[in-house]
Amino acid sequence: MSLELDVDHQPDRTKMSVSKTDVAVEIVGMNKWYGDFHVLRDINLKVMRGERIVIAGPSGSGKSTLIRCINRLEEHQDGQIVVDGIELTSDLKRIDEVRREVGMVFQHFNLFPHLTILQNLTLAPIWVRGTPKAEAEEIAMKYLERVKIPEQANKFPGQLSGGQQQRVAIARSLCMNPKIMLFDEPTSALDPEMIKEVLEVMVQLAEDGMTMLCVTHEMGFARQVANRVIFMDQGQIIEQNEPEAFFDNPQHERTKLFLSQILH
Amino acid sequence: MSDLSYVRKEMQPELPPPTRTTGPIAWMRENLFSSPSNTIGTILALVFVAWIVPPLYSFLIGNAVFSDPEGLRGEACRFEGVGACWIFIQGRINFFIYGFFPFDEIWRINLMFAIGVVLLIPLLTPKAPFVRTAAVLFFLVYPFVAYWLMAGGTFLGVALRPVPTGQWGGLTLTLIISLIGIIVSMPLGILLALGRQSKLPIVKTFCVGFIELWRAVPLITVLFMASVMFPLFMPQGVNPDTLLRAIIGICLFQSAYMAEVVRGGLQAMPRGQFEAAYALGLSKVKTMGLVILPQALKHVIPGIVNNFIALFKDTSLVSIIGIFELLNTVRSAGSDANWSSPTHAVTGYIFAGFLFWAFCFAMSRYSIFMENRLHTGHKR
């Protein structure tokens, strides 16, 4: 793991502006249990619009669970989560509203294997937003071009490489025009060559001002794209800071140990 | 020059393979005589074929009776060493296909089948035009038209001579029962499978109870209950048709089996597919209908078709409650004294068996075709 971001297109931080007043996600005193197991403990996090947050930590530290709570793939039992002004409760209507505004990219892509790439991209716009098919396809092609694989539109996911599939998954989320993007270890299942092509797409997205919460082990990405790094362990936020300070001058013992183990 | 270095100067030309690896002799050596045990197997199989083919030939063709120019019926087949009595099939074919349906009205059955086939072709052919129109016509309009053609009565101002269900029979009835069974048990089975996975305790308990109850009872018992017990529980005067009761029994019975097959497919679906669909904002119903079921059902096509084939064959059980489906017509025709001969009954069963086999084999091939067509080259 290195602190260099190995992509052809180097991120341009001047393009990434963060709002001072506009809150995208606010989590207050949130707790979550799996049965008796206390997975998330007293989480407090405020994400401004345009922020790029990287969440790091050892496996089992609750980082995936945390971002999955933001679109209610996981339910929290205590505390408050407000996404884009909507508080997440068991109210299904609100959950659907939030999910329409929040895109998510998974470690294992989770493309729909029975649909072509184009159908994967147009499914949600057509069935959730009611976009006419022709328009949805036009938007889909625009995003496929943006992730540089328009020629794969009529193939099935099984015919694409892992990197291509992950880029399709990103494009699929973007087709819903989300305000916030969640990334759950988007490059962990990829070969090194493919990690690069996916990270490039993510850098572009950051430059476009997307609010991003990203669970990743790509410390190069964290350093050069994120404006804040959050370190979690045992279901708690242990330390958070700007990337420079986080990597060069970690404060907590656990953070120091973690960084010394993953960075050589 | 060192031994470790080498640079090719000329490319090797492409040569045909040696003859011993191609051609019929090589094929036989590879497939029939590749090892001692394989060779013994091949020889045993040849002996078996030599033993079974001549008598089969003489029964089915050599000594069989194909024509009856003098109208002797059974007498034509009454001689020493007679083979299959095919004239029995020829003579009673209308009964086997149409049952007791009045003979001058069988054009109605033919018309019903013709319409059914015309509507089914676009539904069963991939990428056929007018699929939607055909589906609407087949599922919403056709049942009424078919019922009218079979039962008679007045429909759209056209009156047909009424034919009670007691006169329906033969292959027609076998196909009607199985088609209704297939079309009803599929959606019912899907609903039961979904209900069984529901988080609502009442829905779940009902579905589990329904499935376990119907699966635990033999079909014969179901049919007896439907024909004998059921009327006892009904108030005086209310007596639904025996055929209808049998069909309902078969549909419910099969839907319980179908539910378990579909559940198998649902359980094989990775959680990531649900999550991806939910994360895109799709509701639970749309996730099921657009993402989960299309994949889950595709995974269990072999199981589904297995059920369809079993259902098709199980229709022959309705004969025990006095319904004249194909097998029952063959059997009852066999006891006709006019046709009595040493082999006419066996010939009838061979004919019925062949028809069952032909339909089941067609279903099996069609399912393989669909599996291959729906395979999109993924295994995740």
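In the text below, chain A, chain B and the rest are named by the order of the sequence lines, each starting its count at 1.
Note that CE of A:M176 and CG of B:L282 are 7.5 Å apart. Values are rounded to the nearest 0.5 Å. For the atom pair A:H108 NE2 and B:E275 CD, the distance stands at 11.0 Å (nearest 0.5 Å). Note that CG of B:L280 and CZ of A:R99 are 10.5 Å apart. Values are rounded to the nearest 0.5 Å.
Heavy atoms from other residues, nucleotides or ligands lying under 6.0 Å from CZ of A:R129 number more than 12. Residue-environment remark: CZ (B:R271) stays at or below the threshold of 12 foreign heavy atoms within 6.0 Å. More than 12 heavy-atom neighbours from other residues, nucleotides or ligands sit within 6.0 angstrom of CG on B:L140. More than 12 non-hydrogen atoms from other residues, nucleotides or ligands lie less than 6.0 angstrom from NZ of A:K148. Residue B:F139 places its CZ atom among more than 12 non-hydrogen atoms of other residues, nucleotides or ligands, all under 6.0 Å distant. Heavy-atom neighbours of B:F130 CZ from other residues, nucleotides or ligands within 6.0 Å: at or below the threshold of 12.
Sorted by first and then second residue, the side-chain hydrogen bond (donor to acceptor under 3.5 Å, both in side chains) pairs involving residues 180-197 of chain B (not counting sequence neighbours) are B:R196-B:E212, B:R196-B:E260.
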Which donor-acceptor pairs under 3.5 Å do the side chains of residues 166-174 of chain A make with protein atoms, sequence neighbours left out?
residue : atom : partner : partner atom : Å
A:Q166  : NE2  : A:F106  : O            : 2.7
A:Q166  : NE2  : A:P186  : O            : 2.8
A:R167  : NE   : A:E197  : OE2          : 3.4
A:R167  : NH1  : A:V147  : O            : 2.9
A:R167  : NH2  : A:E197  : OE2          : 3.0
A:R172  : NH1  : A:N110  : O            : 3.2
A:R172  : NH1  : A:N120  : OD1          : 3.4
A:R172  : NH2  : A:N110  : O            : 2.9
A:S173  : OG   : A:M104  : N            : 3.4
A:S173  : OG   : A:M104  : O            : 3.1

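When each of A:T116, A:V105, A:L182, A:L111 is checked for heavy-atom pairs under 4.5 Å with chain B, A:L111 comes out on top.
Interface with chain B: from residues 62-98 of chain A, residues A:R68, A:N71, A:L73, A:D96 qualify, criterion being any non-hydrogen pair under 4.5 Å.
Listed by chain and residue number, nothing satisfies the side-chain hydrogen bond (donor to acceptor under 3.5 Å, both in side chains) test with A:E138 (two or more places apart in sequence, or in another chain).
In this structure the side chain of A:L115 never reaches within 4.5 angstrom of the side chain of B:L290, judged on heavy atoms.
Side-chain N or O atoms of B:K286 include none that pairs as donor or acceptor with a backbone N or O of A:V128 at under 3.5 Å.
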